[in-house]
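Read the structure below first, then the notes.
The basis for the numbers below is simple: all heavy atoms, side chains too, and nothing from hydrogens, waters or symmetry mates. Model, not experiment: these values are computed from the prediction.
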Amino acid sequence: MKPFAYSAPDAAADAVLAVATDPSAVFLGGGTNLVDHLKLGVVEPGLVVDVTGLTSDAVEDLGAGALRIGAAVPNSDLAADPRVREQFPVLSQALLAGATGQLRNMATVGGNPLQRTRCVYFQDVTTPCHKRSPGSGCSAIGGATRNHAVLGASDRCIATHPSDMAVALAALDAEVRVLGVDGERTIPFVDLHRLPGGSPERDTVLGHGELITAIDVPGLPIARRSAYRKVRDRASYAFALVSVAAAVEVVDGVVRDARIAFGGVAHKPWRARRAEEALRGATAADDSYRAAADAELADAVAQDGIDGGNGFKIPLLRRTLVATLRDLAREDA
């Protein structure tokens, strides 16, 4: 591990200024992702700025069912919060599907969406990777692609985003509150992450030195009927092959409204707008759910690879969406 300087400012604004004025600086919160990358040599910062205790660790009621979640709230605490479990079960379930209890105790709401891909080539500094070293190449293309993207990939990166919580937040129309040197701004959660395009090294739209201070979740009545379903290779401590965050409202056997996002299949949490549109006004039945999945997956592209590729993800995601919607519609009946 390369030696680095360490700073623990007394205020969030001071931390933001310290990082913004030093291109080699990074923020440190729970550290569950950053520390791994320091050990692997994936990142080699000159300065680590500790933001522990500089943002809120509370979940506040905003009225009308909306919540403001402080960036320092541990994932475990958020998953266990009675308001989240009752009003946003998809969020609680997504949090509990991620990592282990020990990691959830350390990981924070502000840091979780910013964790970087678990692509084996990104984490192996001996291999070319555009995301880690722009312009060096993408070892994943034509390599081991089983865990990689089928939506929104580019010829420079086919990595997937690993967060479970972020998929739920994308489905819930959440907003991210951010502090920078020029003050605060709010970003729709669905716009926080980027597709790789020609610049896969940029995971999000955040500027260098911008710090997430809180996440606001609106009080959507539909969210009370929501669920997160994660398909993975083993029952725990495994990243999603595919996942679905969904909320649905069914009235008299017809889908009145739906919110859907996918995980494990793209460079960012994938909001399934086409599927949502296909469902509104449709009969609450498997045929409708399959048609919605097909609408969203029309542009999906499987990756060939030395491990057999990831073509299986497309039918797997279709089945996962159908099963999730079927169960939610049954509850709503």
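- A donor-acceptor pair under 3.5 Å is absent between the side-chain atoms of His130 and the main chain of Glu201, judged by distance alone.
- In the hydrophobic clustering of ILVMFWY residues, with side-chain heavy atoms under 4.5 Å counting as a link, Val51 and Ile215 come out apart.
- Heavy atoms of other residues, nucleotides or ligands lying less than 6.0 angstrom from CG of Asp191 number more than 12.
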Run Leu325 and Leu321 through side chain to side chain contact (heavy atoms under 4.5 Å, CB included) and show every step you take. CA-CA 6 Å; Leu325 293 173; Leu321 177 61; 3.7 Å; yes

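- Within the 3.5 Å criterion, the main-chain N or O of Gly63 finds no donor-acceptor partner in the side chain of Asp61.
- Across Tyr121 and Thr127, no two heavy atoms sit closer than the pair O-OG1, 3.0 Å.
- Smallest separation of non-hydrogen atoms from Ser226 and Val90: OG-N, 3.1 Å.
- A donor-acceptor contact shorter than 3.5 Å links the side chain of Arg194 to the backbone of Arg202.
- A salt bridge between Arg259 and Glu276 is absent, with no side-chain N of the basic residue lying under 4.0 Å from a carboxylate O of the acidic one.
- Arg85 is listed as a side-chain neighbour of Ser92, based on a closest heavy-atom distance under 4.5 Å.
- Within the 4.5 Å cutoff, side-chain heavy atoms of Val125 are placed close to those of Val42.
- A donor-acceptor pair under 3.5 Å is absent between the side-chain atoms of Gln115 and the main chain of Asn33, judged by distance alone.
- Between the side chain of Thr213 and the main chain of Arg177, a donor-acceptor pair closer than 3.5 Å is present.
- Proximity of a side-chain donor or acceptor of Ser243 to a complementary backbone N or O of Ala240 within less than 3.5 Å is not detected.
- Hydrophobic clustering, with ILVMFWY side chains joined whenever heavy atoms are under 4.5 angstrom apart, groups Val322 together with Leu297.
- With hydrogens and angles ignored, the 3.5 Å screen pairs no side-chain donor or acceptor of His148 with any backbone N or O of Cys119.
- In this structure, the separation between CG on Asp257 and CG on Leu220 is 8.5 Å, given to the nearest 0.5 Å.
- More than 12 heavy atoms of other residues, nucleotides or ligands sit less than 6.0 Å from atom CZ of Arg118.
- Summarising the geometry of Thr160 relative to Lys313, their closest heavy-atom pair is CG2-NZ, 4.3 Å, with the distance given to 0.1 Å.
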So Arg290 and Asp287, salt bridge (charged side-chain N to carboxylate O under 4.0 Å, His left out) or not? Walk me through it. CA-CA 5 Å; Arg290 280 190 285 268; Asp287 286 347; 2.8 Å; yes

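- Under the 3.5 Å distance criterion, the side-chain polar atoms of Asp216 are left unmatched by any main-chain donor or acceptor of Glu175.
- Arg104 places a side-chain N or O within donor-acceptor distance of the main-chain N or O of Leu96, the cut-off being under 3.5 Å.
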Side chain to side chain contact (heavy atoms under 4.5 Å, CB included) assessment of Val167 paired with Phe262: CA-CA 6 Å; Val167 182; Phe262 298 151; 5.6 Å; no

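- Ionic pairing of Arg330 and Asp327 is present here: one or more N-O contacts between side-chain nitrogen and carboxylate oxygen are shorter than 4.0 angstrom.
- When atom types are taken as modelled, the side chain of Gln303 and the backbone of Gly309 share no donor-acceptor pair closer than 3.5 angstrom.
- The shortest non-hydrogen separation linking Arg271 to Ile260 is CD-O, 3.2 Å.
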Kindly determine whether Thr55 and Ile212 satisfy side chain to side chain contact (heavy atoms under 4.5 Å, CB included), including the steps that lead there. CA-CA 9 Å; Thr55 56; Ile212 293 177; over 6 Å; no

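- At a threshold of 4.5 Å between side-chain heavy atoms, the hydrophobic network of Ile, Leu, Val, Met, Phe, Trp and Tyr places Val178 and Val16 in two separate groups.
- Cluster annotation: Leu47 and Val19 are assigned to the same hydrophobic cluster (Ile/Leu/Val/Met/Phe/Trp/Tyr, side-chain heavy-atom contacts under 4.5 Å, transitive).
- By the rule that hydrophobic residues join a cluster once side-chain heavy atoms approach within less than 4.5 Å of another member, Phe312 and Val150 end up as members of one cluster.
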Evaluate Asn105 against Ser76 for side chain to side chain donor-acceptor pair (under 3.5 Å), listing each step before the verdict. CA-CA 5 Å; Asn105 290 341; Ser76 291; 2.7 Å; yes

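- Residues Arg83 and Glu60 share a closest heavy-atom pair of NH1-C, 4.3 Å.
- Looking at every heavy atom in both residues, Leu172 comes nearest to Ala223 through CD2-CB, 3.7 Å.
- Atom CZ of Arg232 sits in a crowded spot, with more than 12 heavy atoms from other residues, nucleotides or ligands closer than 6.0 Å.
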